[in-house]
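Just so it is clear, the values below take in all heavy atoms, side chains as well, and ignore hydrogens, waters and symmetry mates. No experiment lies behind these values; they were computed from the predicted model shown. Proteins get letters first, then strands, A, B, ... in listed order; numbering begins at 1 in each.
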2 protein chains.
Amino acid sequence: MVTLAEVARHAGVSASTVSYVLSGKRPISDLTRRRVRASIEQLGYQPHAGARALASSRSRIIALMVPLRTDMYVPVMLEIAVAVATTARARGYDVLLLTGEEGPSALRRVTGSGLAEAVILMDVQLDDGRLPVLRAAAPPAVLVGLPADPAGLNCVDLDFAAAGALCVEHLAGLGHREIAVVGGSPGVYARHTGFAERTLGGLRERAGRLGVGLLHRPCDGSHDAVAGVLARILDERPGVSAFVVQNETAVEPLLALLRRTGRAVPEDVSVVAVCPEAVAAQASVPLTSVAIPAQELGRRAVERLFARLTGPGGPDATGVELLTPVLTVRASSGPPPSRRLTG
Amino acid sequence: MVTLAEVARHAGVSASTVSYVLSGKRPISDLTRRRVRASIEQLGYQPHAGARALASSRSRIIALMVPLRTDMYVPVMLEIAVAVATTARARGYDVLLLTGEEGPSALRRVTGSGLAEAVILMDVQLDDGRLPVLRAAAPPAVLVGLPADPAGLNCVDLDFAAAGALCVEHLAGLGHREIAVVGGSPGVYARHTGFAERTLGGLRERAGRLGVGLLHRPCDGSHDAVAGVLARILDERPGVSAFVVQNETAVEPLLALLRRTGRAVPEDVSVVAVCPEAVAAQASVPLTSVAIPAQELGRRAVERLFARLTGPGGPDATGVELLTPVLTVRASSGPPPSRRLTG
DNA sequence: GGGCAATATCGAAGCGCTTCGACTCGTGGC
DNA sequence: GCCACGAGTCGAAGCGCTTCGATATTGCCC
């Protein structure tokens with residue numbers, strides 16, 4: 001392995017000079033810089049990461065904690081993770097992958113050992129076990145998601161409450177009076193995952209305000225589960241003319257079932273989803289949807305982290321950033337049958 | 001931050017003693033060990049990762065390179081990644097997440113800088129640009145996937161050729177004489193991704209051997225793409241009575257389309273998939289399938305890495321390990337209509 | 001033309017850990 | 001009763017890098 005000292009010798013300068021060429025923290029003459037650069041090139045020098053971290057107390061690594069569970073929409077998770085990795089790399093940082101399995105102690109471990117300078121947490125619960133660790137050790141951190149009490153924390157998320165409201169608004173505007181919500185999987189609610197409850201809150205609030213009926217049912221993504229939930233919904237509320245789907249894996253089963261039971265979309269029932277654009281656009285009926293901007297979330301999370309890492313510092317970098325949801329109208333929503341007849 | 005020296009002072013021993021308590025590389029009396037452990041506990045000591053890596057030249061980190069692309073089945077990728085992380089953690093290692101974006105140079109960077117001791121590569125192409133780097137720098141590495149020339153490399157993968165053969169065998173055994181393959185997305189073939197071509201090879205070989213007709217069409221996962229491919233297949237080969245699906249996102253669209261065009265599964269056509277168990281079991285018709293053992297792949301990859309890292313060393317740890325595919329019969333396959341009539 | 005800023009470079013002191021050699025004790029063999 | 005030896009511990013020398021003074025070397029102002 002080539003060391004900085006060897007580069008220095010090769011270039012005929014001192015070790016510190018090479019270091020300054022690399023970091024740019026002190027002025028170096030053009031000639032020297034060139035010579036050093038050439039030596040680095042020729043010798044194929046790579047600074048030793050550990051030595052760097054030790055001397056500078058900066059590891060240039062951020063930890064990303066992803067959930068183990070698979071009852072959330074997995075592609076969204078991966079997309080966020082990849083966006084985090086890509087954005088971090090662009091800033092010269094690497095990403096350490098932590099699974100939820102190890103729990104809060106993993107946070108303590110990687111920040112306490114100086115392995116990671118900062119952390120990004122995904123799949124945040126309303127009352128998340130990792131939060132006490134964050135508040136105690138206070139490493140730079142960003143949550144993708146919103147806990148019940150975000151005070152003093154740095155959070156980024158889609159404004160799911162607004163997303164829910166947007167869905168109801170769109171459907172109510174078309175004339176629907178009874179809306180059913182095919183929610184996330186039961187486990188998501190059991191864990192009090194923030195986004196699910198906030199969406200529901202938004203849906204309810206707006207439905208209440210607009211005087212629209214709203215029925216909510218958690219639902220797994222399997223075909224059978226969707227069939228069961230759909231049957232119950234139609235049984236309890238025959239007047240339902242629109243669905244809001246939050247569990248993306250339930251989208252296709254729902255469409256298939258509606259089709260099979262002779263309900264045309266959007267002529268007989270409308271469907272609006274909260275899901276990634278790709279899912280909405282590729283569905284068997286292109287879906288009117290509120291996009292989950294996974295990439296944007298990952299990117300913003302990293303950017304907030306760096307704002308805190310390199311920025312003015314202090315607690316002023318905390319706070320909640322909620323991305324404004326956007327509803328894109330596609331083929332799956334339209335006026336309810338009643339309106340069509342009279343329209 | 002608490003250092004080893006402080007622990008030593010607190011416990012009334014020398015720094016090296018603390019180190020040996022931690023590593024167990026030299027005998028330490030029970031009494032001393034206890035005292036040191038207590039001090040570590042009380043002070044909340046965490047060894048500094050960088051210092052450790054520097055002194056021992058072992059970072060206890062392995063790098064995992066995941067593809068950026070999204071035309072492969074994403075949940076499989078995430079599941080492998082999570083399995084890798086979990087298994088590595090159980091051995092005291094952390095996982096660094098690299099995206100394909102940076103290309104081969106990322107490999108050089110993380111191994112050259114001592115950041116990662118070893119690498120695991122996913123989404124291996126038949127002629128992968130990262131292989132030259134591996135052969136040149138020769139860091140401990142395991143590929144999840146199989147390149148065209150695996151000589152000197154350490155590979156783990158499902159035996160996709162056998163998987164393909166298994167599908168054909170199962171269907172031929174049921175009496176099918178014309179089989180259509182709904183393949184992976186065109187991009188997968190364009191990149192010469194190993195698993196796709198090997199599956200196809202296995203399918204063709206066995207079909208040839210058994211005198212069964214085989215028609216292969218690459219296919220994206222979108223509903224429209226599947227519809228197009230299905231129409232063409234049925235047009236070209238009206239006698240097709242069975243489908244093998246390799247692109248998991250195409251599964252539901254295919255089932256929906258068959259249903260809609262009045263073809264019952266498995267009465268009129270059989271469907272066999274190569275996909276994760278979860279997808280097969282949760283499909284609208286539970287699918288006869290060859291499982292893609294994502295977790296097992298991740299675990300085996302890490303285990304091979306450690307065998308090489310801590311084991312006897314030398315090139316004897318290279319080689320290819322192909323997991324034997326298992327076909328599980330579910331509801332989606334049965335005899336072709338012709339057989340049923342006469343049976 | 002003496003002094004004073006930059007500018008450019010060097011040497012040395014760590015960063016916190018691992019590891020090697022050396023030292024001090026018992027203990028058992030003979 | 002002496003030697004050899006293993007068990008248990010310590011001190012010191014790095015690992016490769018950053019960074020903080022110093023030390024030249026240059027202009028440039030008045």
Quiz item: Is any side-chain heavy atom of M122(B) less than 4.5 Å from a side-chain heavy atom of P67(B)?
Solution: yes

Exercise. Can you check each nucleotide of nucleotides 14-21 of chain D against protein heavy atoms at under 4.0 Å and return B for base, S for sugar-phosphate only, - for none, in 5' to 3' order?
Key: BBBBBBBB

Practice problem: Compare side-chain N and O positions of S29(B) against OP1 and OP2 of dT9(D) and report whether any pair is under 4.0 Å apart. | Solution: yes

Quiz prompt | For R34(B), all residues meeting salt bridge (Lys or Arg N to Asp or Glu O under 4.0 Å), sequence neighbours excluded | solution = D30(B)

Quiz prompt | R299(A) bridged to E296(A) by N-O distance under 4.0 Å | solution = yes

Quiz item: Is the shortest distance from a Lys or Arg side-chain nitrogen in R89(B) or E102(A) to a carboxylate oxygen in the other one below 4.0 Å?
Solution: yes

Quiz item: With sugar-phosphate meaning primed atoms plus P, OP1 and OP2, does S57(B) contact a base, only sugar-phosphate, or nothing at under 4.0 Å between heavy atoms?
Solution: nothing

Practice problem: Kindly indicate whether the side chain of I292(B), heavy atoms from C-beta on, has any atom under 4.5 Å from the side chain of E79(B). | Solution: no

Quiz item: Is E321(B) paired with R304(B) through a side-chain N to carboxylate O contact shorter than 4.0 Å?
Solution: yes

Quiz prompt | Interatomic distance, R9(A) CZ vs dG11(C) C1' [rounded to whole Å] | solution = 15 Å

Quiz prompt | Residues R9(A), E6(A): salt bridge by 4.0 Å N-O rule | solution = no

Quiz prompt | R35(A) side chain vs A11(A) backbone, donor-acceptor pair below 3.5 Å | solution = yes

Quiz prompt | Between dA8(C) (P) and D30(A) (CG): distance, integer Å | solution = 9 Å

Self-check item: Intra- and interstrand pairs of DNA chain C - dot-bracket, Watson-Crick/G-U under 3.5 Å, | marks other strand
Solution: ||||||||||||||||||||||||||||||

